[in-house]
There are 2 protein chains.
Amino acid sequence: MKSETDNDNTTVAKTIADQTYQHIRRDIISGALPPGTKLAMEMLTKRYDVGLSPLREALVKLTGDALAVAEGQRGFWVSQISLDELQDTMNTRLLIETQALSLAIEKGGPEWERAVNQAYEELSSLEDHLKESDAATFTRWESANRRFHEALVSACGSKWLIRLRSMLHYHSERYRMISLAEASVERDVHDEHEAIVEAVLGRKTLRACRLTELHLQRTTDVVRAALERRDEELLSKHKKRSRAGKSRS
Amino acid sequence: MKSETDNDNTTVAKTIADQTYQHIRRDIISGALPPGTKLAMEMLTKRYDVGLSPLREALVKLTGDALAVAEGQRGFWVSQISLDELQDTMNTRLLIETQALSLAIEKGGPEWERAVNQAYEELSSLEDHLKESDAATFTRWESANRRFHEALVSACGSKWLIRLRSMLHYHSERYRMISLAEASVERDVHDEHEAIVEAVLGRKTLRACRLTELHLQRTTDVVRAALERRDEELLSKHKKRSRAGKSRS
DNA sequence: ATTCGAAATTATTTCGAAAATCGCATTGAC
DNA sequence: GTCAATGCGATTTTCGAAATAATTTCGAAT
C-alpha cells in the first residue's frame, strides 16, 4: 500500500488505496472533513472517484492513525476533537519529541546539521509570504514546518520515536488548522524556530528541550483559545436553533 | 471494523476483517508467521478461509501497527526483527510506560487500585501453572500480563499513552515469544510484578518507575541473549547450506 | 396516544472475476 | 559475451455485484 519501505507521507503513492489515504488525510487535517463527519461510502466514492476496496483500505489506515474511528457494521467517522484530547495530544507529543530531540543532539553528525539548516531555511523563506494567509499558502507552510520538525529528530536513531512523533504531529496540525478558521494568529513562530535551531546546533540539549516545550505550549494555548471560542459559538447557535424548534436530534 | 468505540483487542470482533486482523496478529506475535515471511494473498485466503477484501484490510491495519510492512504493488511482509529494533522498542516503551504510570499513580482512585489488584491476582494465579510451559498456557499468561500492565496505566488519563503503550507491548510480546523458542527462561517475573504493585499502590512514583525500568531491562536482556544465539545458529546453518551448495539466494 | 414488532429501505461488508503491475526469462542486437 | 528490450506467468490491486447487517417506516395492538 505504501511506495517505499513503510514510513511517511511525501513519497509518491503507488496504489489508489494509498493516494486516497493521503487525500482523505489531507481533508481531515485541513478541516474539509470536519470532526465527527460520517464517512459514508457512497459519498466518498463520488468525492474521490474511487472504488470501494481502495477506499475502505484508506479508511482502515486512517483509523490506525486515530484520525478516524470505526464501528463494526456501522461505518467510519472523522474522529472528534476536544480540549482534553488537545491537551493529551500535545503532552504526548512533547514527551516524545523532547526525547527524540535529545537523542538527535547527542548522535547527530554533520549531515544532520545540514538537513536541519536546510529545512529551517526552507521554512523561513515560506514564512515571509505567510502574511497573505490563504489556505494553500498555509498548507505549504504546514508541510515545511513538518519537514523542519522531522529534520530536527531525524538523527535520533529511533524508528519508533520518529514514527510516533509524526503521528502526533498530524493531529497537532489538524487542531491548528481548525483553530485557524477561528482566528488567524499573530505569533512569531519564526523566532521560536530560530531559537530552537540555535540551541540544537549548539548542542545545548536541555535548552533545546525547554524551547521545544515552550513552542508546543504556545501552540496549545493559541489553539485552545480558538477552540473555546468555537465551542461557545456552536453552543449559542445550538441554543438559538433549539428555541426556534429546528433542533434535529 | 472494530466492535466498540475504537480501542483495543479482547473485545469481540464484529467483522471478518477484524477477526482476521486479530487472528493474523496472534500468529505474527506467536511466531507462527515468522519475521520476514511474505504474506501472500492466496496462501492467506486459504489459511484463514477469508476473501481478499477483509484480508487486505487486516493487512493494512497490521502495517499501521508496524507488525507488517507493505510495498506498493508488491505485497505485504511480516516485519523484521533485529537487536537494534528490540532496543528501540523497549526504550520507547519504557519512556511511555513510566510516564503513563506516573500519571496513573497521581490520578488513580480506589477503583483503579481494585483493577490493579485484580489483574495482579489473575496473573499470579496463572503463574503457578506456568512451569508446564506449553505454548497455549504461555499465550494465556501473555494475555494476563498484558491486562496487568494495562491496568497499571489505566488511570493515567491519556488515551495516547495508553494506545501507544499497547502498540509497543505487542511488539515486546513478539520478541519474547520468538526468544522463547530459543530458551525457556528461568526468571522470577512474579517477584518483579509484586514489587511494582507494592510501589504503585504505595504511591511511590519514582520507585515504581525504577522497578518498571528494571523489569523491562531484564526482559530486554533475556530476549537479546536468545536473539543473539538464534542469529548465530541461523548463520552457521546458512554456512553449512552454502557449503552443501543448497543456498537459495 | 404510545409502544412494540415486522417489512422495507438504506448502508456496510464481502465475494468472485477482471484489470493492472511486477519479476523473470528468453530473444535479439551490438 | 554483455546488455537492453519484449513477452509471459504469477501476483497484487481494483471493480461491480451479491450478501449481510443496521435503520427507518408503517401499522396494529394495548
Side-chain angles (χ1 to χ4, degrees), chain A residues 1-6 11-25 27-28 33 36-64 67-79 245-249, chain B residues 1-6 11-25 27-28 33 36-64 67-79 247-249:
Chain A
M1 181 164 178
K2 287 281 184 150
S3 49
E4 290 292 351
T5 44
D6 163 53
T11 45
V12 263
K14 279 202 176 156
T15 66
I16 297 179
D18 208 27
Q19 292 164 235
T20 309
Y21 162 70
Q22 292 186 7
H23 203 161
I24 301 180
R25 186 177 65 181
D27 287 350
I28 291 178
L33 292 170
T37 305
K38 178 70 200 286
L39 295 165
M41 299 299 157
E42 201 192 341
M43 175 235 166
L44 294 174
T45 49
K46 279 181 196 161
R47 177 168 180 154
Y48 298 104
D49 191 34
V50 291
L52 277 176
S53 319
L55 173 62
R56 287 184 57 83
E57 286 181 24
L59 292 176
V60 166
K61 201 156 173 54
L62 284 165
T63 67
L67 286 169
V69 294
E71 236 175 297
Q73 310 283 23
R74 305 215 326 113
F76 298 81
W77 287 260
V78 177
S79 52
K246 285 204 72 173
S247 155
R248 44 169 164 283
S249 73
Chain B
M1 184 167 175
K2 286 280 185 149
S3 48
E4 291 291 354
T5 45
D6 164 53
T11 45
V12 262
K14 279 201 176 156
T15 65
I16 296 180
D18 208 28
Q19 290 163 236
T20 309
Y21 163 69
Q22 290 183 206
H23 202 160
I24 301 181
R25 186 176 63 182
D27 287 351
I28 291 178
L33 293 169
T37 306
K38 177 71 199 287
L39 295 166
M41 300 298 157
E42 201 192 340
M43 174 235 170
L44 294 174
T45 51
K46 279 182 195 159
R47 176 167 182 158
Y48 299 103
D49 192 34
V50 291
L52 277 175
S53 319
L55 172 63
R56 287 184 56 84
E57 287 181 24
L59 292 175
V60 167
K61 202 157 172 54
L62 284 165
T63 66
L67 286 168
V69 295
E71 236 175 299
Q73 313 281 25
R74 304 213 329 111
F76 298 81
W77 288 261
V78 178
S79 50
S247 155
R248 43 170 164 283
S249 71

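In the text below, chain A, chain B and the rest are named by the order of the sequence lines, each starting its count at 1.
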Problem set entry | Nearest listed nucleotide, side chain of A:F76, among D:dT12, C:dT13, C:dT14 | C:dT13
For this session: Rounded off to whole Å, could you give me the CE-to-C1' distance for the A:M41 and D:dA17 pair?
Result: 17 Å
Exercise. Between CD of B:Q22 and CG of B:L62, what distance do you get to the nearest 0.5 Å?
Worked result: 10.5 Å
For this session: Provide, to the nearest angstrom, the distance between the CD atom belonging to B:E57 and the P atom belonging to D:dT12.
Result: 17 Å
For this session: Take the protein atom NZ of A:K46 and the nucleotide atom P of D:dC15, then report the distance between them rounded to whole Å.
Result: 16 Å
Problem set entry | Rounded distance (Å) that lies between atom P of D:dT11 and atom NZ of B:K38 | 8 Å
Problem set entry | d(CZ, B:R74; P, C:dG23) in whole Å | 5 Å
Exercise. So, the side chain of B:T15 versus the backbone of A:G72: is there a donor-acceptor pair under 3.5 Å, distance only?
Worked result: no
For this session: Evaluate the side-chain proximity of A:Y21 to A:L59: yes if any heavy-atom separation is below 4.5 Å, no if none is.
Result: no
Exercise. Looking at the side chain of A:I16, which of D:dT12, D:dC15, C:dT12 is the nearest nucleotide?
Worked result: D:dC15
Seminar exercise, completed: Winner on side-chain proximity to B:Q73, out of D:dA21, C:dT14, C:dT21, is C:dT21
Exercise. In terms of the nearest nucleotide of DNA chain D, which residue is placed more toward the 5' end: A:G51 or B:E42?
Worked result: B:E42
Problem set entry | Rounded distance in Å - CG (B:L52) to C1' (D:dT11) | 10 Å
Exercise. For A:R56 and C:dC15, what is the distance between atoms CZ and P respectively, to the nearest whole Å?
Worked result: 12 Å
Problem set entry | Backbone N/O of A:L33 and side chain of A:T37: donor-acceptor pair under 3.5 Å | no
For this session: Rounded off to whole Å, could you give me the CD-to-C1' distance for the B:Q19 and D:dT20 pair?
Result: 13 Å
